[in-house]
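In each ligand, atom 1 is the first atom listed, and ligand 1 is the first ligand listed.
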Amino acid sequence: MSGNSYESKDIVVLEGLDAVRLRPGMYIGTTGSKGLHHLLWEIVDNSIDEVSNGFGNKISITLNTDGSATVEDNGRGIPVDLHPTLKKSGVEVVFTQLHAGGKFNNDNYGYSGGLHGVGASVTNALSEWLKVTVCKDGKKYTMDFASFADENGKIHSGVALKPLTLIGESNKTGTTVTFMPDIRVFKELTFNYDIIAKRARELAFLNKGIIIELCDKRTKQTDTFCFEGGLKDFTLYLNEGKNKLFNSPIHLEGESNSVKLEASIQYTDSYTENSFSYVNNIPTTEGGTHETGFRTAWTKVFNEYARANSFLKEKEQNFLGEDFREGITVVLAIKMRSVQFEGQTKTKLGNPEARVEVEAIITKELTKFLKSQENEKIAEIIINKAKAAAKVRESARKAKELARAKNSVDNYNLVGKLSACTSRKKEQCELFIVEGDSAGGSAKMGRDRNIQAILPLKGKPLNAEKKRIDQVLANEEIRTIISALETGLGEDFDISNLRYHKVIILSDADQDGAHIRAILLTFFFRYMKKLITDGHVYIGLPPLYKVFKRDIEEYVYSDAELPDAVKRVGKGYQIQRYKGLGEMNPEQLWDTTMNPNKRTLVKVGIDDAAEAEKMITTLMGDNIEARKVYISEHANFNKDESLFDELKG
Ligand code: TTJ
């Protein structure tokens with residue numbers, strides 16, 4: 001090729017780990033809380049690989065008082081012998097070679113992890129120091145790494161302080177790693193127990209029988225997760241508090257060319273699908289080819305069964321896939337090599353072979369399951385559930401048609417409530433859904449009418465969890481929202497039509513406000529999930545107090561901030577407590593809650609979709625006992641961090 005091709009002198013070679021420190025975002029996404037926890041997961045992944053392949057059975061994670069974290073397993077221990085070409089110990093290679101990922105080659109494990117993740121060396125590169133201890137073959141070894149600045153201020157990352165050292169004898173085997181996240185890299189340095197516990201529980205579900213111990217030395221909190229039932233226990237956990245249509249989840253597993261699969265399925269009397277899928281232990285929140293393969297097989301096999309056993313008469317149409325998905329809870333976990341992730345958040349499996357192979361495995365294993373006499377009852381329950389769903393689908397279609405016919409009249413009424421904004425640039429437009437007419441009035445007057453639209457909600461919109469789609473559609477408050485967003489819903493939902501790229505829920509800081517918020521989130525979660533997964537939904541935070549005297553005033557957004565504010569305002573202060581948004585005049589509402597330059601918004605995410613789903617079901621469903629338990633265990637559920645990522649602006 002000609003003149004403008006690269007020459008080797010043009011290629012800048014970065015010294016291994018220093019490249020990681022230069023662009024941490026490329027390796028761990030962020031240097032906030034997410035990235036911090038990523039460091040831990042990179043290490044834990046290695047232990048999970050070892051233990052899930054049958055070497056050892058226990059992993060412990062310890063959060064130390066000095067801010068470091070320790071991960072220990074009782075596997076075989078990282079190799080200590082010299083790597084033939086690199087002339088370094090296995091331990092040194094694992095922690096200093098980018099992408100070595102703790103595995104030298106994939107022959108060691110059937111389906112080696114490290115298919116995700118970027119390897120333990122990234123954790124080392126972004127740590128102030130890291131210490132490894134390996135017990136193996138009767139001996140105990142240790143090695144230390146550190147990141148330090150030279151006389152020119154250049155930071156050298158993850159440097160081995162000396163070679164792997166034999167320090168004694170041991171009759172155990174295993175690996176222990178302790179690392180201190182580097183303050184020069186991270187904006188957030190505090191490990192969050194709840195985040196770690198949730199992921200640890202998930203990993204324990206996904207890898208049956210392994211023991212994961214958690215110990216927080218800072219707070220003395222501990223947990224041990226171990227599930228002998230694996231995915232079956234996961235399914236039962238997800239369905240806690242729901243009415244199950246049969247007791248024991250269906251368990252399917254199989255293996256083909258490139259896919260190893262396990263699935264657990266149970267039905268409840270709810271009306272929505274509750275599916276969670278994983279590839280190599282990584283949640284695939286956006287789904288992908290493996291889910292598609294599962295659904296195709298599930299629908300096809302059940303339709304064939306329904307025909308063969310006269311549940312469907314000759315002239316009756318096949319059930320649709322969605323009919324078999326009402327009330328289904330599925331956990332699908334596959335393992336495969338060379339994973340390709342796609343989608344907005346890179347959580348969607350793209351590999352085409354996964355679709356074909358998952359479909360084949362499910363077809364074979366489900367057919368086998370249905371052949372067995374003892375499963376006849378379960379098959380009948382599922383088909384009857386699909387029958388009911390098909391009936392509702394038909395009536396919903398009619399209801400929708402009716403709604404469409406009335407559309408011209410209705411839209412006039414609905415649009416009447418909405419104070420639209422002038423800008424047509426959807427990306428900059430914001431829709432405030434405001435609790436109550438009086439707050440709605442203030443918001444209308446205080447807003448930036450160029451980019452902010454206001455939709456006041458009069459009553460409480462209905463509880464979306466309890467209703468079927470045709471009832472949800474019939475509710476006036478909900479229809480107002482649907483028509484304001486311009487996306488349609490359910491199968492018709494099209495995110496590209498979204499009229500406002502920020503949808504901001506503004507409700508009072510009391511129980512009623514929390515309930516309205518929960519109802520709206522439930523509705524979005526069930527019928528416009530992409531609105532949440534694409535990050536369009538926010539919660540506005542109004543102030544709780546105003547602290548003031550003659551010419552000074554300060555707004556306070558939480559009880560914790562109140563004493564400081566009082567101190568700042570000083571002698572002679574007064575406190576006004578805001579019981580509702582309605583008590584603020586337009587200018588105050590703008591200043592404290594709506595002004596994009598000053599306000600605080602909480603972005604609603606479903607990072608942990610399983611947990612969010614469970615919380616919503618429990619809070620909104622009809623099992624009152626479970627709800628009581630959940631609320632007492634999570635007394636501050638309004639601030640549940642799994643649902644909300646804080647975000648300014
Ligand atoms: C690799 O193949 C030979 C036997 O040992 C295998 C191995 O590396 N096992 C292993 C690694 N067990 N545990 C680890 C490990 C544990 C922690 C906490 C951190 C890292 C990077 C690896």
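- Taking the ring pair (Phe, Tyr, Trp, His ring centres under 6.0 Å) definition, one finds that Phe191 meets it with His37, sequence neighbours left out.
- Between Lys136 and ligand 1, not a single N/O pair is under 3.5 Å apart.
- Neither the backbone nor the side chain of Val44 comes within 4.0 Å of ligand 1, counting heavy atoms alone.
- Of all non-hydrogen atoms in Gly158 and Ser147, the two that sit nearest each other are N-OG, 3.0 Å.
- Look at Glu286 and Lys348 and you find no salt bridge, because none of the NZ, NE, NH1 or NH2 atoms lies under 4.0 Å from a carboxylate O.
- Of all heavy-atom pairs spanning His38 and Tyr27, the tightest one is NE2-O, 4.2 Å.
- If you number the atoms of ligand 1 from 1 as listed, the ones under 4.0 Å from a heavy atom of Asp73 come out as 12 (N), 13 (N), 14 (C), 15 (C), 16 (C).
- Below 4.0 Å from some heavy atom of Ala120 lie the following atoms of ligand 1, by number and element: 21 (C).
- A distance-only check finds a donor-acceptor pair linking the side chain of Lys244 to the backbone of Asn239 [under 3.5 Å].
- Heavy-atom distances between Gly75 and ligand 1 stay at or above 4.0 Å for every pair.
- A salt bridge does not link Lys139 to Glu169: none of the charged nitrogens lies less than 4.0 Å from a carboxylate oxygen.
- At a 3.5 angstrom cut-off on N or O pairs, Asn46 does not count as close to ligand 1.
- Under the rule for a ring pair (Phe, Tyr, Trp, His ring centres under 6.0 Å), Phe179 has no partner lying at least two apart in sequence or in another chain.
- Counting atoms of ligand 1 from 1 in the listed order, those under 4.0 Å from a heavy atom of Val177 are 17 (C), 18 (C), 19 (C).
- Residue contact check: Val94 has heavy atoms under 4.0 Å from atoms 21 (C) of ligand 1.
- Among the atoms of Gly77, some N or O lies under 3.5 angstrom from an N or O of ligand 1.
- Classification of the Phe276-Phe234 ring pair by plane angle, with boundaries at 30° and 60°, yields parallel.
- The distance from ligand 1 to the heavy atoms of Ser47 drops below 4.0 Å at these ligand atoms: 16 (C), 17 (C), 18 (C).
- Put simply, part of Phe95 is less than 4.0 Å from ligand 1, judged by heavy atoms.
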